[in-house]
Amino acid sequence: MHETSFFKLFSLLKKKEIRLFQKYISYMYEDQKMALHVLEYCVNHPLKPGSNKSLEMEDVYPAIFGRPLDEGKNDRKNLLNTLSDLHLYLKEFLMNRTLKSNKFSRDLVWILTVMEDQRLLDETIKVRKIRIQVNKETRTSSFDYLRGMVANYILLQHEKPSLDIDIVKQFSTDLDNYYLLLKIKTACEIANSQNLNPQQIDDMLPFTLVGMIQSVPVARQPLLHIYLEVYHLLMDETDEAYDKTTNLLVFFFNQLPAGETHQILRYLLNFAAKKTKIGVNAYWPKAHELNKFTLDKAPDVLYQTLSSGQYLNIITSAVQSKDFGWAADFMNEKGPYLPADQITETMLLAKAVIVFGKKDFKAVQKMLLGAKFEVISNEIRAKTILLMVGFELKADPDILLSDCIKFELFLLRHDNIYQKVSLPFRSFIKILKLLIKCKDPKDLLLKKLNDDRPFASHWWLEEKVESYQQKFFRK
């Protein structure tokens with residue numbers, strides 16, 4: 001029974017919505033006694049969304065009606081029919097709430113009513129006013145373009161004998177811009193997934209379409225312009241595109257729907273993370289500012305799937321920006337958002353990152369030596385930090401090289417599962433071993449470090465290579 005459409009939808013309601021729905025049913029369907037009894041049971045025995053708890057009809061029926069279910073009296077069929085009616089009433093209730101809270105939805109339903117009922121032709125003047133109002137509004141979402149098309153199209157069909165060319169033009173404009181938005185959003189998603197080469201992506205968004213977007217006023221169509229900058233960001237990977245996208249998003253943030261702002265933020269967050277991984281240190285403060293903005297304006301972007309890696313990356317960005325106070329606050333306040341079985345070890349690692357940033361290397365060593373990590377990615381990070389600490393504390397080179405080899409073997413043992421995760425750390429070890437041996441010229445180390453491959457702790461390696469001095473020479 002818990003698999004019925006009504007139970008699935010009902011389990012998503014908040015307490016206030018449930019109370020309002022009860023009042024709605026009691027007022028609108030007071031004669032539906034069976035439905036009222038079933039609803040009362042559902043209220044007193046709530047199911048959480050996604051609950052695996054089973055509600056067998058044979059158990060539920062006596063609890064509701066005070067007698068066992070009787071197949072001969074069609075009790076099962078009647079209860080299923082009642083649940084179907086309740087599902088219909090619930091959808092009706094939710095739609096009525098939308099009509100009350102959303103003026104355009106209310107106006108749109110009235111437009112359709114006027115178009116269908118010939119007795120209401122005098123209301124056409126109101127329909128024209130609705131269209132004028134819709135056309136004045138800024139287009140900040142895909143739905144806005146659809147609203148404009150619907151308002152103009154319905155009036156266009158209704159007034160064929162006295163066709164207004166302005167209606168045709170506005171309908172055509174919204175149709176064109178909706179098409180442009182879909183094209184550029186699709187091109188951005190494909191560019192982000194890197195499933196096609198640049199030429200194939202350019203074919204999806206030819207220069208003529210780019211020109212059309214650029215000809216549209218930013219103030220009236222901000223979403224088109226933001227996605228055009230996102231497209232340039234993903235294709236060209238320039239600082240200018242990143243800055244333009246960020247500035248436009250910040251300026252229009254409160255006008256845009258959450259679904260759009262969240263997607264654009266994900267593009268920016270991924271791009272900033274990619275830049276820091278390949279050693280573009282100028283992006284540490286940019287990533288930090290973007291993280292703070294996201295946490296302030298759209299925390300769901302991070303908290304819905306806050307992994308240990310994401311949590312540590314946010315703290316690392318703050319540490320690299322020397323914002324230690326903010327890093328510590330974030331560590332303590334947001335740690336509980338992590339998966340329950342990872343909180344303790346991830347927060348320990350986060351503290352080590354902060355203390356390392358303050359250059360208290362002995363304290364970091366004391367924290368991490370002997371610590372146990374259940375999450376492999378956390379253990380990899382901890383081993384990396386310990387190697388960096390050993391180098392900073394000028395540990396015996398032979399011991400350090402031995403630890404590097406042990407780390408390499410550890411990564412190899414998990415390579416079949418964590419290959420993508422371990423690659424930057426394997427690259428890190430190769431450079432670190434060269435730093436320990438002091439046999440190669442500085443130019444060679446710089447060349448290897450500036451390779452396109454990602455390096456774990458690139459910023460630290462770069463700092464060590466800059467101060468590197470060759471002590472021994474190859475024979």
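For clarity, every value in this text was computed on a predicted model and none was experimentally measured.
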- Step-by-step side chain to side chain contact (heavy atoms under 4.5 Å, CB included) determination, Leu290 to Leu265: CA-CA 8 Å; Leu290 186 62; Leu265 279 170; 3.9 Å; yes

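- Ring geometry for Trp326 versus Phe330: interplanar angle under 30°, hence parallel rather than tilted (30 to 60°).
- The heavy-atom pair separating Thr346 from Leu312 by the smallest distance is O-CD2, 3.8 Å.
- Looking at heavy atoms from C-beta onward, Asp329 lies out of side-chain contact with Lys334 at the 4.5 angstrom threshold.
- Glu17 and Leu12 get closest at one heavy-atom pair: OE1-O, 4.4 Å.
- Residues passing the side-chain hydrogen bond (donor to acceptor under 3.5 Å, both in side chains) test with Glu466: none are found, sequence neighbours excluded.
- Ion pairing between a basic and an acidic side chain is recognised when a charged N comes within 4.0 Å of a carboxylate O; Lys185 and Glu189 show no such pairing.
- Note on residues 380-401: pairs passing side chain to side chain donor-acceptor pair (under 3.5 Å), not counting sequence neighbours, are Asn313-Arg381, Glu392-Trp460, Glu392-Lys464.
- Using a 4.5 Å cut-off on side-chain heavy atoms (C-beta onward), Val465 and Leu434 make no contact.
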- Under the side chain to side chain contact (heavy atoms under 4.5 Å, CB included) criterion, do Lys362 and Val389 qualify, and how do the steps go? CA-CA 8 Å; Lys362 287 186 177 180; Val389 165; over 6 Å; no

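- Glu462 and Asn281 are linked by a side-chain donor-acceptor pair at a separation below 3.5 angstrom, with hydrogens and angles left out of the test.
- Considering only heavy atoms from C-beta on, Leu268 stays 4.5 Å or farther from Thr294 through its side chain.
- Between Phe6 and Phe21, the two ring planes are tilted [angle within 30° to 60°].
- Side chains of Leu368 and Leu349 form a contact here, defined as non-hydrogen atoms less than 4.5 Å apart.
- Rounding to the nearest 0.5 Å gives a distance of 8.5 Å between CD1 of Ile436 and CG of Asp403.
- Listed here is the closest heavy atom pair of Cys188 and Tyr227: SG-O, 3.5 Å.
- No side-chain heavy atom of Phe425 sits under 4.5 Å from any side-chain heavy atom of Ile429.
- Scanning both residues, Phe373 and Ala382, for their nearest heavy atoms gives CE1-CB, 3.5 Å.
- Atom CD of Glu240 has 12 or fewer neighbouring heavy atoms from other residues, nucleotides or ligands inside a 6.0 Å radius.
- The closest side-chain heavy-atom distance from Met388 to Ser457 is below 4.5 Å.
- Remark: aromatic rings of Tyr311 and Tyr337 are distant, center separation not under 6.0 Å.
- In this structure, Gly335 and Ile343 approach most closely via the heavy-atom pair O-CG1, 3.7 Å.
- Glu260 places no side-chain N or O within donor-acceptor distance of the main-chain N or O of Leu223, the cut-off being under 3.5 Å.
- Under the 4.5 Å side-chain criterion, counting only non-hydrogen atoms from C-beta, Tyr231 is not in contact with Lys183.
- With rounding to the nearest 0.5 angstrom, the CG atom of Leu20 is 6.0 Å from the CZ atom of Arg97.
- The distance from atom CD1 of Ile184 to atom CD1 of Ile226, rounded to the nearest 0.5 Å, is 11.0 Å.
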- Task: Just do the side chain to side chain contact (heavy atoms under 4.5 Å, CB included) check on Leu432 and Leu400 with the steps written out, would you?
- Result: CA-CA 9 Å; Leu432 180 58; Leu400 268 181; 5.8 Å; no

- Message: side chain to side chain contact (heavy atoms under 4.5 Å, CB included) for Val280 and Asp239? Distances and angles first, verdict last.
- Response: CA-CA 11 Å; Val280 185; Asp239 297 343; 5.6 Å; no

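- What you find for Thr245 and Ile264 is that their closest heavy atoms are CG2-CG2, 4.2 Å.
- Interatomic distance, NZ of Lys448 versus CG of Asp440, reported as 7.5 Å (0.5 Å rounding).
- Between the side chain of His288 and the backbone N or O of Lys322, no donor-acceptor pair lies under 3.5 Å.
- Put simply, the side chain of Arg426 reaches to within 4.5 Å of the side chain of Leu423, judged on heavy atoms.
- The line from OG of Ser308 to CD of Gln342 is 5.0 Å long, rounded to the nearest 0.5 Å.
- Seen from the ring of Tyr283, Lys286 counts as a face-on cation partner, given the 6.0 Å and 45° thresholds.
- Rounding to the nearest 0.5 Å places OG1 of Thr238 at 7.0 Å from CZ of Phe271.
- Between the Asp296 side chain and the Lys292 main chain, no donor and acceptor come within less than 3.5 Å of each other.
- A donor-acceptor contact shorter than 3.5 Å links the side chain of Glu345 to the backbone of Glu374.
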